[in-house]
Amino acid sequence: MFFKKKGWKAFAVAGALSVALAACGGEDTDGDLGEDPVDPDTNGDEAPADEGSDGAAIEESYHWDFVTEEVDGQVQYEYAQQFADLLEEKSDGKITMDVWEYGAFGGATEVDQVESLQMGDVEFAIVSPGFTGGMVPEGQVFALHFLFPDDLEVTQEILNTSEALNVHLAEMYEAQGIKPLAFFTEGAMQWTGNRELRTPDDFNGFQMRTQESPLIMSSYEAYGADPAPLSWGELYLALDRGNRDGQENPIFFIEDASFHEVQDHMTISNHNNYVAMTTVNPDFYNELPDNVRALIDETVEEMQPIVFDMQAGMNESYLDSIIDDTETPTEVITLTEEEREAFRELALPIRDEFRDSVGEDGAAMLDLLEEEIAAFE
Ligand code: 6CS
């Protein structure tokens with residue numbers, strides 16, 4: 001049984017957004033965005049379980065594919081599984097999904113998976129903006145270090161409510177055949193390395209593995225590193241063989257992918273947070289009956305607090321696993337605020353690089369996002 005939490009789409013800027021929400025059926029059934037107790041017989045809809053929230057029965061059966069960039073036990077895959085279960089339950093078994101681990105859908109890389117979504121070979125995908133820098137340059141806003149607040153609850157609230165992201169950036173993605181339905185954090189990112197990373201000097205000539213986005217690379221070039229993109233499926237071996245010196249990721253991922261086993265050092269830098277997007281092929285989504293779309297939107301909304309708690313729990317417990325691992329020990333250091341400041345100073349000019357490279361609309365989107373973030377601080 002699910003109880004609706006406070007509506008995550010309680011957008012700060014009500015006007016345009018509530019229109020957008022109403023159009024896609026994303027409001028609570030009573031039209032407000034507050035907490036509503038859920039009738040266990042109906043999963044919170046006034047209609048029975050196999051009806052959409054507009055009350056019309058779902059007539060057809062549907063079977064869809066949902067690809068993720070992670071594997072069993074990791075945040076994205078667990079999210080997609082729970083999403084599929086919830087949708088099946090809400091639709092009384094009329095909607096079922098195959099959930100794919102990273103690499104399982106035809107051996108595709110992260111970038112191939114995005115292309116599968118764009119072509120409609122899969123209906124749903126979890127996409128990390130770090131792999132779409134070549135397709136939607138504005139999505140590189142998530143590559144900017146020290147942009148979002150350190151407090152992840154506040155960051156998630158911004159991801160849920162930002163007009164810059166949920167309207168303007170979402171439109172830019174949709175124009176490229178990728179429709180974001182939600183943005184969620186997978187946790188603060190940390191560095192691992194084959195040497196200690198405490199100051200920008202430590203990055204001098206450092207072969208940093210990054211995702212496939214020019215601005216992620218620029219961020220590390222600003223620290224003096226020598227970044228190069230690589231799919232994460234090849235990263236363990238690259239770190240082990242010394243083809244890459246280090247990488248960035250949330251703690252749960254560092255541990256679960258065993259990167260800590262082949263890295264002697266981890267730096268708690270919190271220089272950024274890892275954002276993922278729940279996305280859908282826009283043509284597929286727009287052609288669905290209203291009641292089916294409404295059920296999808298409702299499920300996306302319900303998953304937001306679930307995935308937040310999931311990443312928080314995993315990141316906390318996996319830090320202990322790394323610290324407690326005596327067989328393949330990793331020295332863990334935490335940057336002081338002064339040490340972080342040295343990186344922040346070098347990272348700030350990358351925002352200008354972002355503005356110069358994405359054009360007027362992208363620059364305006366970042367301006368608005370900065371204002372929204374400032375309003376939370
Ligand atoms: O580093 C990466 O590329 C991977 N990191 C995470 C947290 N999820 C999937 C992604 O491909």
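Scope of the values below: all heavy atoms of this structure, side chains included, with no hydrogens, waters or symmetry mates. Both counts, for ligands and for their atoms, begin at 1 and track the order of listing.
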May I ask you to check whether over 12 heavy atoms, not counting those of E153, lie within 6.0 Å of atom CD?
no
Compute the minimum heavy-atom distance from F131 to ligand 1 and say whether it is under 4.0 Å.
yes
Which residue and atom name correspond to the protein heavy atom nearest atom 3 (O) of ligand 1, and how close is it?
R209 NH2, 2.8 Å
Using a heavy-atom cut-off of under 4.0 Å, does the side chain or the backbone of P250 touch ligand 1, or both, or neither?
side chain
Do the ring centers of H260 and Y318 come within less than 6.0 Å of each other?
no
Taking 4.0 Å as the limit for heavy-atom contacts, which would you say applies to E110 with ligand 1: side chain only, backbone only, both, or neither?
side chain
For the 3.5 Å polar cut-off, considering only N or O atoms, please tell me whether Q211 and ligand 1 meet it.
yes
V114 vs Q176 side-chain heavy atoms within contact, under 4.5 Å
no
Under 4.0 Å, counting heavy atoms only: does Q247 come that close to any atom of ligand 1?
no
Should the ring pair F259 and W232 be called parallel, tilted or perpendicular, given that the plane angle runs from 0 to 90° and is split at 30 and 60?
perpendicular
Checking a contact table here: which protein heavy atom is nearest atom 8 (N) of ligand 1, and how many Å away?
E70 OE2, 2.6 Å
Could you tell me how the ring of H271 sits relative to the ring of Y220: parallel (under 30°), tilted (30 to 60°) or perpendicular (over 60°)?
perpendicular
Within the supplied structure, the quantity of interest is the number of heavy atoms (other residues, nucleotides, ligands) at a distance under 6.0 Å from E377 CD; does it exceed 12?
yes
Starting from atom 11 (O) of ligand 1, locate the nearest protein heavy atom and write down its residue, its atom name and how far away it is, to 0.1 Å.
W232 CD1, 3.0 Å
